[in-house]
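Worksheet: the structure to be examined is printed underneath.
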Number of protein chains: 2
Amino acid sequence: MSLRYALLALLRTGPLSGYDLQKQFSVSVGHVWHAPDSQIYPELRRMHVDGLIEPEEQVRGVRGTRILYHVTETGDAAFLDWMNSPLEYQRVRDPAHLRAAYLESTSPEQATIFLLRHIEQWRDELGQWERELTRIDAVDNPMLVRRLAVTPESEHARTIAFKRFTYEGLVERARTEIEWAERGLELVDRLSAEASLRAPAGDA
Amino acid sequence: MSLRYALLALLRTGPLSGYDLQKQFSVSVGHVWHAPDSQIYPELRRMHVDGLIEPEEQVRGVRGTRILYHVTETGDAAFLDWMNSPLEYQRVRDPAHLRAAYLESTSPEQATIFLLRHIEQWRDELGQWERELTRIDAVDNPMLVRRLAVTPESEHARTIAFKRFTYEGLVERARTEIEWAERGLELVDRLSAEASLRAPAGDA
DNA sequence: AATTGCATGTAACAGGTTACATGATTGC
DNA sequence: GCAATCATGTAACCTGTTACATGCAATT
């Protein structure tokens with residue numbers, strides 16, 4: 001049920017349409033909580049039904065409309081309640097470590113491919129998050145700017161500090177994953193070397 | 001769809017019942033892939049329908065039965081295919097970092113509570129994984145023992161090495177999370193101190 | 001006039017969670 | 001005789017994914 005709070009967090013910076021939210025999901029909050037558009041639109045409806053947000057229809061051109069959603073007082077309270085409630089941690093479900101635990105069942109080559117892909121995967125994430133960190137420092141992220149615009153100036157440093165803190169955590173996590181997989185590559189090589197010592201294949 | 005491969009991984013050490021598997025999920029593979037019993041029994045049926053496993057009914061007492069599942073050749077091949085196929089990474093969906101990004105919306109006290117809980121959460125995981133590491137070193141984990149029993153001795157070191165590698169990764173991840181949250185606590189304190197410098201509350 | 005981007009959704013399905021439901025066996 | 005635990009599931013629900021579906025507006 002975090003989707004609704006991710007949406008509320010964005011909407012608390014000011015009204016946005018489903019489409020706006022969808023885009024933000026791919027660049028800002030999407031870095032910590034992915035959601036496809038097919039999930040966002042129905043959820044917005046439910047949030048409206050629950051009184052957390054209020055739609056405002058806007059005319060676009062001759063016949064087009066777009067719906068801007070405003071956070072209601074109820075919605076604001078719901079967000080703050082969530083912030084102050086114990087977080088529900090998700091059960092572990094980690095395909096990479098699941099596979100890692102059984103790498104002995106495949107060849108060193110396949111193990112290497114798996115580990116290289118793991119490194120690639122996390123390097124991509126790392127790149128995104130590092131870029132986001134520099135954007136935060138430059139106060140260049142559109143959502144952060146929106147957020148600061150509706151925040152008293154005395155709170156600006158705090159707001160930025162927590163965003164930075166969040167992305168620092170993500171960056172460290174990515175680095176940890178990469179280092180782990182790199183040690184895995186060394187392990188695969190070491191095991192292969194040991195095996196070929198015991199049973200040389202290419203020798204006479 | 002990793003559940004089925006987690007189940008196959010366990011069954012490849014020899015036949016087990018749904019109940020056995022359920023227990024293993026809470027102590028071995030469950031450390032990387034959680035699954036409740038209500039998911040395991042239906043999945044075993046589907047795996048039987050798909051020809052990956054073969055049930056063997058066993059009499060228990062006068063009327064009780066238990067069903068042992070054996071991996072078929074098809075099942076074995078399916079597992080190895082999975083091992084050699086690109087891993088499907090899950091989209092990021094991280095409630096802790098989502099909340100961290102908006103900690104400025106709550107009080108320092110609530111932020112502290114959140115961070116302390118995060119530390120507690122990961123310390124629990126860390127403890128489990130560290131215990132598992134010592135069990136691996138002592139060759140004391142029942143599933144590892146089963147696994148080694150059906151593995152040629154020349155492969156024992158490899159098998160143990162990858163298990164160790166897996167849990168080392170989990171341990172590092174937990175440590176990274178804990179360190180991050182501890183830095184978060186310092187940040188909250190620092191921000192509170194700065195705020196009370198600018199607007200002293202307890203003073204005359 | 002065509003392309004890109006804005007804007008809104010529906011439907012079918014897969015995967016996972018929670019709660020419910022039942023009964024037998026074994027050890028004390 | 002009772003408790004623990006072995007052993008098997010069903011049902012309803014929620015969340016998320018993938019694919020499909022439509023059409024206007026602004027720019028080139």
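Numbered from 1 within each chain, the chains take letters A, B, ... in sequence-line order. Reckoned from all heavy atoms, side chains included, excluding hydrogens, waters and symmetry mates.
In this entry the distance linking CZ of B:Arg46 with C1' of C:dA14 reads 9 Å, nearest Å. Taking atom NE2 of residue A:His48 and atom P of nucleotide C:dT8, one finds them 14 Å apart after rounding to whole Å. Between B:Trp33 atom CH2 and C:dG15 atom P the separation is 10 Å, expressed in whole Å. Atom CG in A:Leu21 sits roughly 12 Å away from atom C1' in C:dA7 (whole-Å rounding). In this structure, B:Asp50 atom CG and C:dA14 atom P are separated by 12 Å, rounded to whole Å. In this structure, A:Ile40 places its CD1 atom 12 Å from C1' of D:dG16, rounding to the nearest Å. One interatomic measurement links the two molecules: CD of A:Gln90 to C1' of C:dG16, which rounds to 11 Å at whole-angstrom precision. If you take CD of A:Gln58 and C1' of C:dT8, they are 15 Å apart, rounded to a whole angstrom.
Considering only residues two or more places apart in sequence or on other chains, A:Arg91 meets the side chain to side chain donor-acceptor pair (under 3.5 Å) condition with B:His34.
Annotation for B:Phe165 and A:Ala181: closest pair CZ-CA, 4.5 Å, computed over non-hydrogen atoms.
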(message) I need a per-nucleotide contact map over nucleotides 5-10 of chain D, read 5' to 3'. Cutoff is protein heavy atoms under 4.0 Å; write B for the base, S for backbone only, - otherwise.
(response) SBBBBB

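Checked against the 6.0 Å centroid threshold, B:Tyr167 and A:His97 do not count as a close aromatic pair.
In this structure, CG on A:Leu126 lies 12.5 Å from CZ on A:Arg173, to the nearest 0.5 angstrom.
At the phosphate of C:dT17, neither OP1 nor OP2 sits under 4.0 Å from any side-chain N or O atom of A:Arg91. Phosphate proximity of C:dT17 to A:Arg93: present, with a side-chain N or O under 4.0 Å from OP1 or OP2.
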Let me have the donor-acceptor pairs involving side chains of residues 38-45 of chain A, under 3.5 Å, with sequence neighbours excluded, atom names and distances please.
{"from": "A:Tyr41", "atom 1": "OH", "to": "A:Tyr19", "atom 2": "N", "distance (Å)": "3.4"}
{"from": "A:Glu43", "atom 1": "OE1", "to": "A:Arg46", "atom 2": "NE", "distance (Å)": "3.2"}
{"from": "A:Glu43", "atom 1": "OE1", "to": "A:Arg46", "atom 2": "NH2", "distance (Å)": "2.9"}
{"from": "A:Glu43", "atom 1": "OE2", "to": "A:Arg4", "atom 2": "NE", "distance (Å)": "2.9"}
{"from": "A:Glu43", "atom 1": "OE2", "to": "A:Arg4", "atom 2": "NH2", "distance (Å)": "3.2"}

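With A:Asp20 contributing its side chain and A:Ser17 its backbone, the two residues share a donor-acceptor pair below 3.5 Å.
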